[in-house]
Amino acid sequence: MQTLQSTQYSEGSKWNGEKSCDRELIHLLGHIQSHGILISIKEVDLEIVQISENTIDFFNVPASEFINQPLSTLFPQSQIDILTSFLSHKDLEIFNPTKLTVQIQEKMYEFQGIIHRSNRLLVLELEPLSVDTDSHLGFYQLTKSAAVNIRKAENFLEMSSLLAQEVRKITKLDRVMIYRFEQDDSGVVIAESKHEDATSFLGLHFPAADIPVLSRELYYKNWLRHIVDVNSPPVPIIPINNPLTQEPIDLSFSTLRSVAPVHIKYLQKMGVAASFSISLINDGKLWGLIACHHLSPRYIDYEIRKACEFLGQIMSVEIVHRHEQELKKAQEKIKIVQARLKQNILKSELAIEQTFSQDGESLLELVNAQGVVICLGDHISEIGQCPASGCLSPLISWLKNKPQDIFYTDYLSQAYPEAIAIKDIASGILAISISLNYISYHIIWFRSELIQTVDWAGDPSKLGLDLELDLDSELSPQRSFETWKELVNARSLPWGEVEIQAALELRGTLMLAALEFSQQNLKQEAERSEVANKAKSAFLARMSHELRTPLNAILGCTQLMSSDESKVNGFLEYVNIIIYSSEHLLNLIDDILEVSKIEAGKIFLEENEFDLHIFLNNIQEMMQIRTNAKNLQLLFALHPSVPQCIKCDERKLRQILLNLLGNAIKFTDKGYVFCRVSLGKASLSSSKVIIHFEIEDTGRGIAPEEIGNLFEAFVQTASGKESQVGTGLGLFISQQFAQFMGGFITATSSLDKGSLFQFDIEVEQLSSLTNPEVLVSEEIDIQQDAIAEVESKQTDSITNPSSESLQILLVEDNSFNQMIALRFLERLGYQADCATNGLEVLQALEHKSYDLILMDIQMPVMDGLEASRQIRLLEKASSSGKKVKIVAMTANVMSDDREKCILAGMDDFICKPVRIDNLASLLNQFS
């Protein structure tokens, strides 16, 4: 007898440490089970080309004697005629089984013949004829009776249990299980009927690798699989290769197909001697198996097997029907809830979130959730059990980055690890999302953690069968089938198909409601009003501070001038400060007006014809005054291809260039400022051209992290803050103007090397001006000498203070306001040391004790509020018990600013502009 062939594997497969029985091509093993005979026949001439080696056991004739012999060697002509009559039919299954008689020398052997086609051959399988064949009609009656009994089940689980009982009645096997595949291809025994001596597998879970992909495919192709004797050695087919294909014959549809060694050992571990399975197929997919075990070898006659197959097909249809029934019941329940929600949403005059909030129970009942959050734009409403706001906001932000109409999971912490902190409330979520008119709408349902114990048939942490390679190179399952319990946490009850569909339908209703409210403009107007109020408050607070800072210098100087008897000493200095501060105030007002026009959409292009060459010359003359004062080079380069006469918005172009050039000069201490003008890329319009502008400097540069926010309103670079001038509106306005004119300003920069700003504008090219006129440059009275004189005067402290005077520390980062305050104190007979930020205050207190600190609030490095808190902490830690008096002297005068100062530990509050008589009253408290 030919030796057992080694197990076949897929082409190119190697172990490489990965052990998977998916690699085993179990339909090409080249062996059959020993209880029958397999014969491969050429259909053309009925020549035997392959046969199983066990003919010696049945006929006492070696298998090799039948190879390349006619079929008549085995069957009489009458039997061959019967088989030949089948061959004109495409489907041979309808003739199975056929009673056949083998005649060897005068001896007759009766078999059941089962025939099918494979790899261009006829495959005839012979199984011994059952002695009680005449009684098989009773099994069909039993199948019909079983189906009737099963259909009486009230629910799905009862139906599954009855199915297991009825199959066991028919097969008389020791254990019958209903095995359902899960979404991850693992399996669970949901029903069982067994002999009292058999171990129960009810409720056990089996890893997906226990039934590999190829095995599942074969179960889908074949309704039945029967293993008669697990311990019987397999019988080789000779020759092993199909002579027509030179490959092992495909036994996918063979009833005698042998069993892979790994599966044999798997069943032996379970104590099983024979097995039988019936496939349950639902909607084109393998739904599960009716898995049967017997503790001793057991042959099931073909007729009984077919009766079970028929029952399996009926029950597959019944499973679909029962599933649809339960689905329909759930849908009817949900439709009632949904109809109520839809009616309330579309007919209510209330806002959407109010409508949902009033019918919160229906919203929860819709998908069987414990909590729900309604997120409409920035407004969030909560119903039921929801995560705390600190955890909820990041979750909503995470969901917004998932552009999906619906998102659901019963294991949130796997997709969003931060959710492990809220697993008690939100182990599972179901979310629907809508984006409409730049507003995001989300409804997020939550399910709490459902801690469950899963019983596995072996350790689930090991891969399926825990395959290992034995010394004889066979696959071997090394797993005990003792129940292994695994605790599953951070997971919720899975979202059902009905619930997911209900959420999707509600999304459609929500979309209709959102559109309705959008058309009526109710929701949008409310949101605009809320946003406008917040912006208004922030804007007023910022403007109050920005306006009061220069006003403090202006009014301070006028107070000093009015009380100056000489009217000569320092008069010019005061005048220059007033001029500079007034100009700053005027520029600020102009910028605010421009921003308000931009935000209100009331900005328009006001195009006019002008000579670009003269225009640029005038700009250069204006800027030359400022560069000369700083000993900088100002260079203008105009490419010859740039047209001379153009038509565009001259005023906006002038403002862009003045702002960019002004910034370049302001932040450049040496080197040059270079303006280049050239022709850009071709315009889409034949009558227009693109003009490209570049402003380059060798100044301080801009940090990389500041480039991204450079063109936002009220944003200043570190250099801008140090200069103590500007509002952070100039670049914002310039960018808006550039975009209005068809361009976009970009910036590149290197710290301590310089910056480059570039932009394009689209203009109409003219051959000449319609009304030529001399363009006179705007005169800007910079008062450069006066400003330079002011900027050069930095007052650090008043020297030689009297030992008997009040010890005062003045904290002010604005040099003008610092000087004014010092002059006020001098007029009142006091002297003071100076600091420009909170950190300097703390450093000063290490070396000197003060009676009074006049503290500004908004300062770089450390603001006045934080400095006050630090001072009070230091005083508590000190044993001296002395407490310095801290008075806020600030331009922050909004309603809550005074409260913030008191909470930070300050004693009093003086608002800017500071009045000298108010300061005198404060100081008199120490006299």
Side-chain angles (χ1 to χ4, degrees), residues 33 35-36 86 91-100 110-116 125-153 159-179 191-195 218-229 253-257 272-282 286-294 296-322:
Q33 298 179 64
H35 66 277
F86 299 161
D91 185 8
L92 300 179
E93 172 66 21
I94 60 176
F95 302 108
N96 293 330
T98 300
K99 184 176 180 180
L100 294 175
E110 291 188 337
F111 292 94
Q112 284 186 130
I114 304 161
I115 190 169
H116 72 277
E125 297 176 275
L126 302 177
E127 295 183 6
L129 192 64
S130 175
V131 294
D132 57 347
T133 303
D134 294 337
S135 66
H136 289 336
L137 184 61
F139 290 109
Y140 282 105
Q141 296 296 330
L142 189 59
T143 302
K144 182 178 178 181
S145 174
V148 171
N149 290 337
I150 294 168
R151 283 174 177 161
K152 292 178 181 178
M159 182 182 71
S160 301
S161 180
L162 287 174
L163 176 59
Q165 294 173 28
E166 296 296 335
V167 171
R168 185 161 175 255
K169 283 182 185 178
I170 297 172
T171 62
K172 296 181 172 58
L173 294 172
D174 292 330
R175 183 192 299 116
V176 176
M177 302 169 288
I178 308 301
Y179 182 92
E192 181 184 61
S193 177
K194 70 178 188 69
H195 186 274
L218 290 174
Y219 281 125
Y220 181 77
K221 290 179 180 179
N222 294 288
W223 286 88
L224 301 175
R225 175 63 168 146
H226 182 29
I227 300 173
V228 174
D229 187 355
F253 295 96
S254 168
T255 61
L256 294 174
R257 174 168 54 85
V272 174
S275 72
F276 177 53
S277 63
I278 309 159
S279 299
L280 296 172
I281 297 173
N282 176 0
L286 185 65
W287 181 90
L289 298 170
I290 305 174
C292 311
H293 293 160
H294 206 63
S296 60
R298 167 91 164 130
Y299 173 73
I300 301 174
D301 184 83
Y302 185 84
E303 293 288 349
I304 300 177
R305 301 199 307 262
K306 296 305 287 186
C308 291
E309 178 182 338
F310 178 62
L311 183 60
Q313 291 171 345
I314 292 175
M315 294 319 301
S316 291
V317 175
E318 196 66 30
I319 285 171
V320 175
H321 177 66
R322 185 56 57 94

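All values derive from a computational prediction rather than experimental measurement. Numbers for residues simply follow the sequence, beginning at 1. Because only heavy atoms are used, hydrogens play no part in the values below, and waters and symmetry mates are left out as well, while side chains stay in.
Annotation: side chain to side chain donor-acceptor pair (under 3.5 Å) contacts of Asn222 (sequence neighbours excluded): none. Considering only residues two or more places apart in sequence or on other chains, Arg305 meets the salt bridge (Lys or Arg N to Asp or Glu O under 4.0 Å) condition with Glu127.
If you take CD on Glu309 and CD on Gln313, they are separated by 5.0 Å, rounding to the nearest 0.5 Å. To the nearest 0.5 Å, the span separating CD1 on Ile300 from CZ on Phe276 amounts to 5.0 Å. Distance check: Trp223 CH2 to Ile281 CD1 gives 4.0 Å after rounding to the nearest 0.5 Å.
Between Thr171 and His294, the closest side-chain pair of non-hydrogen atoms is not below 4.5 Å. Inter-residue side-chain proximity for Tyr179 and Ser277 is flagged as unmet; no heavy-atom pair is nearer than 4.5 Å. By the 4.5 Å heavy-atom criterion applied to side chains, Met177 and His293 are counted as neighbours. Counting heavy atoms from C-beta outward, Arg257 and Leu218 have side chains that approach closer than 4.5 Å. His116 has its side chain out of reach of Asn96: every pair of non-hydrogen atoms, C-beta onward, lies at least 4.5 Å apart. In this structure, Leu289 and Ile278 have side chains that are not in contact, with every pair of non-hydrogen atoms separated by 4.5 Å or more. Looking at heavy atoms from C-beta onward, Leu311 lies in side-chain contact with Ile170 at the 4.5 angstrom threshold.
Panel note: side chain Glu125, backbone Thr255; a donor-acceptor pair is recorded below 3.5 Å. Side chain of Ser193 to backbone of Val176: no donor-acceptor contact under 3.5 angstrom is found.
Salt bridge annotation for Glu303-Lys306: absent, with no cationic side-chain nitrogen under 4.0 angstrom from a carboxylate oxygen.
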Original post:
Are Ile178 and Leu163 close enough, and set up right, to give a side-chain contact (heavy atoms from CB on, under 4.5 Å), and what steps lead you there?
Top reply: CA-CA 8 Å; Ile178 308 301; Leu163 176 59; 3.7 Å; yes

Subject >> Evaluation steps, side-chain contact (heavy atoms from CB on, under 4.5 Å), between His35 and Asp229 >> reply: CA-CA 9 Å; His35 66 277; Asp229 187 355; over 6 Å; no

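Residues Leu286 and Tyr220 approach most closely at N-CD1, 4.1 Å, considering heavy atoms. Looking at every heavy atom in both residues, Ala273 comes nearest to Pro297 through CB-N, 3.7 Å. Among all heavy-atom pairs drawn from Ala274 and Val272, the shortest one is O-CG1, 3.1 Å.
Relative orientation of the His226 and Tyr299 rings is tilted, given thresholds of 30° and 60° on the angle between their planes.
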